[in-house]
Amino acid sequence: MTTDLATVFPDEVVTTSHLRFVELPLGAGKAALITLDNGHDHTKPNTLGPATLLGLEKAIDAAYAEPGVVAVAVTGKPFILAAGADLKGMALVTERAQAVALGQLGHRVFGKLANGPVPTFALINGMALGGGLELGLHCTYRTVSNAAQGIALPEVFLGLVPGWGGAWLLPNLIGADNAVTVIVENALNQNRMLRGPQVGKLGIADVAFDGADFIERSLHWAAQVLRGDVSVDRPEVDRSADAWDAAVARGRAAADGRLHGATPAPYRALDLVAAARTVSREEGFAAEDDALGDLIMGDDLRSGVYAFDLTQRRAKRPAGAPDKSLARPVTKVGIVGAGLMASQLALLFVRRLEVPVVLTDLDAARVEKGVGWVHAEIDKLAARGRLSPDARNKLTALVTGSTDKTVFADADFVIEAVFEELKVKQQVFADLEAVVSPNCVLATNTSSLSVTEMASKLRHPERVVGFHFFNPVAVLPLVEVVRAGATDDATLATALSVGKTLKKSCVLVKDAPAFVVNRVLTRFIGEITRAADEGTPLEVADNALAPLGLPMTPFVLLQLVGPAVALHVAETLHDAYPDRFPVSENLRRLVAAGKPGIWSWNEHGKPYLDDATAALFEQGSTVLTADEVRERALAAVAEEIRIMLDEGVVAEAQDIDLCMLLGAGWPFHLGGITPYLDRSGVAERATGRRFLPPGIASVVRA
């Protein structure tokens with residue numbers, strides 16, 4: 001079966017295990033140093049497919065066979081140890097036996113580092129994800145660079161478990177509580193990564209080193225360990241049943257709170273951690289193999305791999321983008337408005353572009369407040385050690401404000417973030433066109449209004465582009481870049497270049513009402529609200545989507561967005577598509593009453609309907625079950641996505657999935673939305689056909 005795996009992964013980018021022998025300092029003897037390197041730069045990390053694992057096994061065997069070797073050390077090419085398993089190949093597995101064999105192969109090869117004739121050392125010089133970190137866990141000792149980033153066991157995030165030893169080794173190394181944090185909580189928290197110092201503090205590594213001479217310092221430390229000059233003392237793990245059970249229970253509560261049982265991976269991982277207290281290494285590894293067999297042959301993993309590929313590849317090369325050589329340089333940025341959104345934009349622009357950023361507003365008090373907020377946030381970053389004193393001073397000096405738009409005369413990119421009203425924005429652009437240079441890009445952060453209409457009264461509408469961020473700006477990585485009717489390629493290329501420099505993922509969208517994310521969410525929430533308006537109890541309607549494992553319920557999302565904003569978007573879409581986007585009178589009453597949302601929250605953080613809000617609601621007599629609400633909402637979304645694709649709002653269904661993943665925080669196990677609509681049958685029931693071919697984000701069995 002191992003031989004068969006090579007045919008399953010036909011396009012594997014093989015990471016070579018380069019073996020050389022070095023004399024250790026202090027006369028400690030000869031060591032074998034294995035360096036993993038796939039021959040590409042840091043933008044293409046080492047990965048671990050079957051051919052790579054077999055090559056590593058040969059290198060380990062050769063190292064042990066060398067006469068006089070006293071230790072074996074494994075490290076990676078600059079900045080990267082390994083980014084885990086070859087996910088693209090994993091999505092091609094068609095038989096459970098192949099999936100199990102893949103787990104067994106990893107255990108066998110890595111096991112040679114744990115069970116060899118001499119001590120082994122993992123020198124974690126940079127990124128170590130999944131199998132990359134598990135390789136290190138099998139070694140006798142571990143060092144880590146303080147500069148290393150991207151260290152994690154992210155498998156649960158993708159629909160897997162740490163399946164090459166991590167689920168058994170990590171809790172037995174650092175304790176169940178810390179292991180649950182790394183394996184489950186961090187993975188579910190938008191795949192949070194560890195840095196080198198954190199890895200050392202947790203006890204995953206035995207020692208951390210600074211500097212460009214990390215490998216030399218690690219080998220010197222290894223020599224000290226081998227000579228007995230340094231003793232490696234690890235904290236004793238609390239192996240009591242109470243402590244272990246409490247940690248696993250905490251993990252289950254975290255998984256339930258986020259996913260409501262919607263996907264099996266975190267629960268399988270917690271089962272493995274729970275068992276790791278009492279089962280042997282061999283039993284633990286066999287259980288990992290079994291879990292891999294099940295999960296690799298599940299659609300959630302295939303959706304996770306599909307989503308990962310979208311965010312890592314498609315997001316970096318937006319479909320339909322013009323030639324990037326057309327982009328013009330941006331040496332100064334203007335922001336019209338000084339409210340919270342505008343201030344967030346100013347902070348992002350100045351941190352990423354490091355060019356002058358100037359805010360304007362109607363009066364000096366607003367300008368002063370906006371600029372003051374940005375300066376205060378820069379101070380906070382410096383206080384947390386995220387900025388040096390020099391960087392703090394530089395960024396602070398770059399952010400200024402004015403009440404006079406003539407300060408934009410030498411700006412290359414001006415974005416407006418003012419009140420969401422078409423005539424207001426048209427006037428802003430008219431004022432800007434009178435003062436900016438001929439090549440200045442005029443961008444709008446509108447969430448739903450027509451960019452084409454906004455630019456229609458200008459002499460040069462070709463310079464106007466939609467540049468829609470999502471709130472909070474610093475967290476959500478999506479920017480919807482909107483090509484209006486007259487937007488030219490140079491403007492579009494400049495906007496996409498700016499988005500990339502901001503470290504945002506851009507999706508190119510057509511100028512259509514509410515673009516992508518808000519249009520999908522408004523149709524979704526609109527169906528839930530309609531069910532409540534017709535008579536379904538609010539809590540039933542709000543929790544109907546729990547089986548999807550979304551980041552929050554529709555009515556909690558409504559509260560986050562704000563009823564007034566939600567109403568504005570709903571009205572915009574109702575004007576465009578009245579048959580599909582009704583406006584809830586209950587929502588109108590909420591806004592008129594100034595309510596922040598439907599739910600209030602008790603001292604335990606649980607939602608409830610207070611009497612004042614309940615009095616605003618008028619409901620009919622049609623009561624639906626949760627299943628009926630969910631089916632109706634999903635069918636409506638499927639219909640809307642099909643219409644959006646037919647209208648050419650985006651190039652393909654993949655772009656809608658990318659928008660939902662990055663702009664709405666939808667989980668990877670759904671693949672965005674279209675893979676779920678396909679595999680649940682909703683797509684065909686509602687629209688007569690699938691969105692994606694079988695085998696994309698789904699299992700095709702032999």
Side-chain angles (χ1 to χ4, degrees), residues 83-84 87 127-130 132-134 148-162 166-167 170-171 174-199 201-204 246-273 295 300-301 303-305 307-308 310-312 315 381 384 386 470-478 503-505 545-546 548-553 556-557 560 605 658 660-672:
L87 292 174
M127 177 187 288
L129 297 174
L133 182 56
E134 288 174 298
Q149 301 182 45
I151 302 173
L153 292 175
E155 288 87 351
V156 162
F157 181 69
L158 295 169
L160 280 176
V161 296
L170 192 65
I174 64 173
D177 197 60
N178 285 331
V180 165
T181 297
V182 173
I183 294 172
V184 177
E185 287 190 306
N186 285 358
L188 296 182
N189 190 12
Q190 291 299 305
N191 202 18
R192 178 181 291 168
M193 306 281 180
L194 301 172
R195 296 172 179 265
Q198 295 170 297
V199 172
K201 186 176 180 180
L202 281 168
I204 296 173
V248 172
R250 182 173 64 82
R252 292 193 193 283
D256 286 342
R258 288 182 175 270
L259 298 169
H260 315 288
T263 187
Y267 302 98
R268 290 296 291 267
L270 288 164
D271 289 343
L272 293 170
V273 171
L295 295 172
D300 285 13
L301 179 274
S303 289
V305 173
F308 181 79
L310 291 181
T311 59
Q312 296 302 305
L381 290 168
R384 294 199 297 266
R386 301 282 299 277
F470 292 82
N471 205 6
V473 170
V475 176
L476 291 174
L478 179 69
K503 297 186 177 181
K504 296 295 184 181
S505 297
L545 302 176
L548 275 69
L550 298 176
M552 60 189 73
T553 67
V556 173
L557 176 61
L560 178 67
L658 187 57
M660 299 310 293
L661 289 162
L662 299 181
W666 281 30
F668 271 41
H669 74 261
L670 294 181

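Values below: all heavy atoms of this structure, side chains included; hydrogens, waters and symmetry mates excluded.
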- Message: Counting C-beta onward and ignoring hydrogens, is there a side-chain heavy-atom pair between L129 and M193 closer than 4.5 Å?
- Response: yes
- Message: Could you go through L670 and L550, starting from their C-alpha distance and side-chain angles, then the distance that decides it, and tell me whether this counts as side-chain contact (heavy atoms from CB on, under 4.5 Å)?
- Response: CA-CA 9 Å; L670 294 181; L550 298 176; 3.7 Å; yes
- Message: To check you understand the geometry: which heavy-atom pair defines the closest contact between G251 and V184, and what is its length?
- Response: O-CG1, 4.2 Å
- Query: Are N186 and L194 side-chain neighbours, meaning at least one heavy-atom pair lies under 4.5 Å?
  - Reply: yes
- Query: Are side-chain heavy atoms of I204 and N178 found at a separation under 4.5 Å?
  - Reply: no
- Message: Within the structure provided, determine whether L158 and V305 are in side-chain contact (heavy-atom separation under 4.5 Å).
- Response: no
- Task: Could you tell me whether the side chain of E134 reaches within less than 4.5 Å of the side chain of L170, counting heavy atoms only?
- Result: no
- Item | Side chain to side chain, L295 and D300, heavy atoms closer than 4.5 Å | no
- Query: Roughly how far apart are K201 NZ and R195 CZ, rounded to 0.5 Å?
  - Reply: 14.5 Å
- One should read off an interatomic distance between L310 CG and M660 CE, to the nearest 0.5 angstrom, of 13.5 Å
- In short, A265 meets G159 closest at the heavy-atom pair CB-C, 3.5 Å
- Is there side-chain contact between L259 and P266, with heavy atoms separated by less than 4.5 Å? yes
- Message: Please report the interatomic distance CG(N189) to OG1(T181), rounded to the nearest 0.5 Å.
- Response: 10.5 Å
- Are the side chain of H669 and the backbone N or O of L548 linked by a donor-acceptor pair below 3.5 Å? yes
- CZ (R250) with more than 12 external heavy atoms under 6.0 Å: yes
- Residue pair R192 / A152: nearest heavy atoms and the distance that separates them: O-CB, 4.2 Å
- Message: Rounded to the nearest 0.5 Å, what separates atom CG in N191 from atom CG in L153?
- Response: 10.0 Å
- Is there a side-chain contact between D271 and R252, using heavy atoms and a 4.5 Å cut-off? yes
- Item | Point-to-point distance, once rounded to the nearest 0.5 Å, from CG of L202 to CD1 of I174 | 5.0 Å
- Okay, side chain of K503, backbone of P477: is any donor-acceptor separation there less than 3.5 Å? no
- Item | Minimum-distance pair of heavy atoms, taken over all atoms of G665 and P551 | O-CG, 3.4 Å
- Task: Can you measure from CD (Q190) to CG (L188) and round to the nearest 0.5 angstrom?
- Result: 10.0 Å
- Message: Looking at every non-hydrogen atom in both residues, tell me the closest pair between G130 and E155 and how far apart they are.
- Response: CA-OE2, 3.0 Å
- Listed by chain and number, what are the side-chain contact (heavy atoms from CB on, under 4.5 Å) partners of D256, not counting sequence neighbours? Y267
- Which residues pass the ring-ring contact (aromatic ring centres under 6.0 Å, His included) test with F470, sequence neighbours left out? H468
- Task: State yes or no: are the ring centers of F157 and F668 separated by less than 6.0 Å?
- Result: yes
- Looking at L661 and G672, what are the two nearest heavy atoms and their distance? CD2-N, 3.7 Å
- Task: Taking side-chain contact (heavy atoms from CB on, under 4.5 Å) as the test, write out the residues that go with T553, two or more places apart.
- Result: D542, N543, V556
